[in-house]
Amino acid sequence: MSLLLFLEQTLNGLQLGVTLFLMAAGLTLVFGIMNMVNLAHGSLYMVGAFFAASFTQWTGSFFLALPLAILATFVVGVLVEAIALRTLYARDHLDQVLATFGLILFFNELTKIIWGPISIFMDVPPLLSGRVELIAGAPYPIYRLAVLAVGLAVALGLWWLIARTRLGMLIRAGASNREMVGALGVDISRLYMLVFGLGAALAALAGAMAGPIYVVEVGMGDAMLIKTFVVIVIGGIGSIRGAFVAAVIVGLVDTFGRIVPAQLGLPTAIAEMAIYILMAFVLFFKPTGLFAARA
Amino acid sequence: MTGLKLDRRTWFVIVLLAALALLPLVAIATDNDYQIAQFRRILIFAIAAVSLDLILGYGGMVSLGHAAFFGVGAYIVAILNWHAAREVPLFGMMLGTHNVLVTWTAAVVLSGALAGLIGLVSLRTTGIYFIMITLAFAQMVYFFFVSLRAYGGDDGLRFPGDTVILGLIDTENDVAFYYLVFGILCAVLYATRRLVNSRFGMVVQGCRENERRMKALGFATFRYKLACFALAGALAGLAGALFAANESYISPSIMHWTRSGDLIVMVVLGGMGTLIGPVVGALAFLFLEKTLPDYTEHWMVVFGPILLLLVLFARRGIFGWFLPKEDRHGGSH
């Protein structure tokens with residue numbers, strides 16, 4: 001593998017990594033704080049992407065559409081929490097799996113009804129189109145760099161939110177002992193709603209930014225959801241730091257897993273399997289992930 | 001239960017099995033012969049659902065990857081048959097075979113062994129971790145078969161199966177094959193019923209209720225759970241083998257993770273932790289899947305919320321409604 005290809009793929013891997021982090025950050029909090037399995041998180045990613053595609057069409061600007069899509073998905077997330085999920089917190093994991101599995105079917109089909117079964121191709125916003133030669137001889141798409149930058153900025157912002165604000169303190173406290181937080185007089189149901197909405201907004205951001213890179217289509221969230229699970233399991237449920245480290249690792253492994261085996265003459269079967277092998281490996285030695293938030 | 005006094009549970013089982021036994025005769029009498037293959041398919045999924053009930057209902061292990069074992073069983077039968085038909089050596093040494101004694105046994109043993117391996121890693125975790133790691137392993141298996149270009153990859157594999165099973169049953173004969181599958185379902189139900197009421201079954205159920213206490217009592221809980229998980233995988237592999245024989249065509253889509261979700265739906269819909277419930281659940285689920293699209297192309301937009309309502313308001317499942325109150329037990333609490 002040439003050095004140029006290596007650098008280019010590293011950037012690709014990092015960019016997938018931050019996208020995964022945006023998904024994982026919200027979901028790991030939902031898992032950790034509410035002790036809730038939410039399979040429908042991928043649906044919010046998909047809904048965010050479809051909103052972004054439609055708003056871009058209506059407003060003519062991707063940069064206007066992005067905040068609108070995030071806001072709209074935030075509202076969808078809060079509604080889903082209030083209508084369907086709130087009653088499930090006290091239930092066992094099996095109930096949560098079943099109910100949110102039902103939500104996936106519902107959202108996929110509803111999206112098909114509203115936007116039709118045909119995939120939508122979003123254009124890269126003109127301001128960010130084209131390539132830039134970061135490394136001499138290897139022009140890299142500006143848009144992908146922008147996604148990487150936004151992802152890193154959001155990661156930094158989340159760190160600030162979690163580590164330095166009162167809300168963050170409550171979130172951390174909730175992740176380690178939610179009964180105690182409730183007993184100390186915090187309005188737990190409002191905290192849950194906020195955390196869920198925040199997760200939905202982050203998923204929407206990830207989906208909307210992924211739109212111009214991949215394709216906006218029904219079911220796009222499902223594949224993303226499972227990769228996000230891998231990230232969360234490797235990172236440790238409830239840990240934002242773990243989610244970040246694991247997201248970068250999974251992003252890189254997934255990207256290089258598609259190139260390295262072919263170059264070494266190994267069967268390409270490893271490509272899609274690489275991250276799952278990695279996860280099995282990590283869990284065998286650390287059954288609660290790299291940075292477990294709870295004992 | 002003494003003498004001829006049968007309780008409601010037993011009546012339910014008798015009526016259900018009798019109805020299933022009569023189904024092909026009714027179909028023939030009403031000129032619906034073409035439906036028999038469809039019914040057979042339902043029974044095959046019922047076997048898979050019963051196997052999932054072992055770990056889900058009795059073991060309290062929420063596995064979101066059960067379809068992988070079903071798929072592996074199906075693929076083993078398909079691959080052995082495919083090699084036999086093409087006379088291409090497998091692994092450069094042995095030929096495939098059409099003999100169901102070999103292919104079905106291989107399917108059961110290998111999917112059970114795979115479940116044992118996956119269980120070895122997965123059962124070290126609990127709760128959300130367990131759900132996600134079983135899902136991830138299933139994805140691994142799924143992508144493995146997607147990438148096997150030699151066996152059709154994404155497009156799947158069409159193969160000529162054995163038409164005469166054990167020199168007795170002709171798979172071309174819809175009715176005979178139906179009764180073979182029905183007989184296997186009954187045997188599986190009987191064996192699993194004996195198993196869950198045995199000492200082994202009691203230990204596994206004890207782990208569901210309180211694993212720490214079982215450990216304190218001196219049970220090597222991990223081994224019991226692992227054995228249960230592997231056994232469920234083997235039975236799912238058997239169902240997969242039957243599925244392959246039934247369809248003569250398989251593709252990786254049968255082990256897509258949503259298929260694992262479907263199996264969970266069947267178990268809970270019918271009544272978890274009852275063994276017979278999942279049979280009812282498979283019937284109801286596949287019936288809905290077949291009939292709802294007649295009303296609207298977008299049936300899933302109705303079916304999704306039905307699942308949600310099922311969880312919220314009808315947790316005991318269809319079979320649970322027939323049981324007297326004190327008899328009801330279902331799954332983890």
Side-chain angles (χ1 to χ4, degrees), chain A residues 31-32 35-37 39-40 83-85 87-88 91-113 219 222-223 225-230 232-233 236-237 267-281 283-285 287-289 292, chain B residues 56-57 60-62 64 117-118 120-133 135-149 256-258 260-262 264-265 267-269 272 296-312 315 331-333:
Chain A
F31 281 172
N35 194 22
M36 157 99 193
V37 185
L39 298 182
I83 295 170
L85 300 184
T87 44
L88 291 169
R91 301 296 197 91
D92 62 31
H93 290 327
L94 178 62
D95 285 358
Q96 296 164 353
V97 166
L98 258 183
T100 52
F101 183 64
L103 281 179
I104 293 183
L105 301 181
F106 174 74
F107 271 114
N108 277 346
E109 204 59 46
L110 190 67
T111 310
K112 210 181 276 177
I113 293 173
D222 298 358
L225 171 81
I226 296 173
K227 276 186 190 149
T228 307
F229 277 178
V230 173
I232 290 171
V233 168
I237 290 171
T268 47
I270 300 176
E272 289 279 6
M273 292 165 66
I275 58 169
Y276 303 110
I277 296 170
L278 173 75
M279 186 188 85
F281 195 72
L283 281 197
F284 188 78
F285 292 104
T288 49
Chain B
L56 201 64
M61 302 173 246
V62 184
L64 196 47
L117 274 178
I118 290 178
L120 211 55
V121 179
S122 311
L123 288 170
R124 290 163 57 87
T125 66
T126 53
I128 298 181
Y129 284 101
F130 183 78
I131 297 171
M132 289 197 279
I133 194 170
L135 170 63
F137 272 120
Q139 283 297 101
M140 205 152 115
V141 175
Y142 170 77
F143 283 120
F144 176 75
F145 284 103
V146 165
S147 65
L148 278 183
R149 301 300 320 165
H256 194 255
W257 74 276
T258 50
S260 297
D262 292 347
I264 294 184
V265 174
V267 173
V268 177
L269 179 64
M272 190 172 69
T296 164
E297 170 199 357
H298 301 295
W299 62 280
M300 284 217 264
V301 93
V302 184
F303 192 66
I306 288 180
L307 286 186
L308 194 65
L309 294 176
L310 172 77
V311 168
L312 292 181
R315 190 57 173 66
S332 40
H333 300 282

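Hydrogens, waters and symmetry mates play no part in the numbers below; they use all other heavy atoms, side chains included. The sequence lines fix the lettering, A, B, ..., with proteins before strands; numbering per chain opens at 1.
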Give the intermediate values and the outcome of side chain to side chain contact (heavy atoms under 4.5 Å, CB included) for residues A/F31 and B/M132. CA-CA 12 Å; A/F31 281 172; B/M132 289 197 279; 3.5 Å; yes
Heavy-atom pairs under 4.5 Å with chain B, option from A/T100, A/D222, A/L105 with the top count: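 Going by pairs under 4.5 Å, I would pick A/L105.
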Between A/A84, A/A280, A/G102, which shows the greatest number of heavy-atom pairs under 4.5 Å with chain B?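 Sorted descending by pairs with chain B, the first entry is A/G102.
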Let's test your reading of the structure: which of B/V121, B/T126, B/L310 forms the most heavy-atom pairs below 4.5 Å with chain A?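 It is B/V121.
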Looking at chain A, which one of B/W257, B/F303, B/F137 has the largest number of heavy-atom pairs inside 4.5 Å, strictly under?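 Result: the option with the highest number of such pairs is B/W257.
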Could you pull out the closest heavy-atom pair between [X] and [Y], with the gap in Å?
| X | Y | answer |
| --- | --- | --- |
| A/H93 | B/I131 | CB-CD1, 3.6 Å |
| A/L94 | B/M272 | CD2-SD, 3.1 Å |
| A/A99 | B/L308 | CB-CD1, 3.3 Å |
| B/E297 | A/E109 | O-OE2, 4.1 Å |
| B/V301 | A/L110 | CG2-N, 4.0 Å |

Select one option (side chain, backbone, both, neither) describing which atoms of [X] are under 4.5 Å from chain A's heavy atoms.
| X | value |
| --- | --- |
| B/L135 | side chain |
| B/T258 | both |
| B/I128 | both |

Measuring heavy-atom distances to chain B, does A/V97 have an atom under 4.5 Å in its side chain, in its backbone, in both, or in neither?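 Contact with chain B involves the side chain of A/V97 alone.
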Under 4.5 Å from any heavy atom of chain B, what part of A/I275 do you find: side chain, backbone, both or neither?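 Neither part.
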Looking only at atom types and distance, does a side-chain atom of B/Y129 sit under 3.5 Å from a main-chain N or O of A/P287, one as donor and one as acceptor?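 A pair under 3.5 Å: no.
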Rounded to the nearest 0.5 Å, how far does CZ of A/F106 lie from CD1 of B/I306?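 These two atoms lie 12.0 Å from each other.
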Would you say that [X] contacts [Y] through its side chain, given a criterion of any heavy-atom pair below 4.5 Å between the two side chains?
| X | Y | answer |
| --- | --- | --- |
| B/L312 | A/D95 | no |
| A/L283 | B/R124 | no |
| B/Q139 | A/F229 | no |
| A/F101 | B/L307 | yes |

Tell me, with the steps shown, if B/M300 and A/N108 meet side chain to side chain contact (heavy atoms under 4.5 Å, CB included). CA-CA 8 Å; B/M300 284 217 264; A/N108 277 346; over 6 Å; no
What's the verdict on side chain to side chain contact (heavy atoms under 4.5 Å, CB included) for B/V311 and A/Q96, showing C-alpha distance, side-chain angles and the deciding distance? CA-CA 8 Å; B/V311 168; A/Q96 296 164 353; over 6 Å; no
When the ring planes of B/F143 and A/Y276 are compared, do they come out parallel, tilted or perpendicular, using 30° and 60° as the limits?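 Because their plane-to-plane angle is under 30°, the rings of B/F143 and A/Y276 count as parallel.
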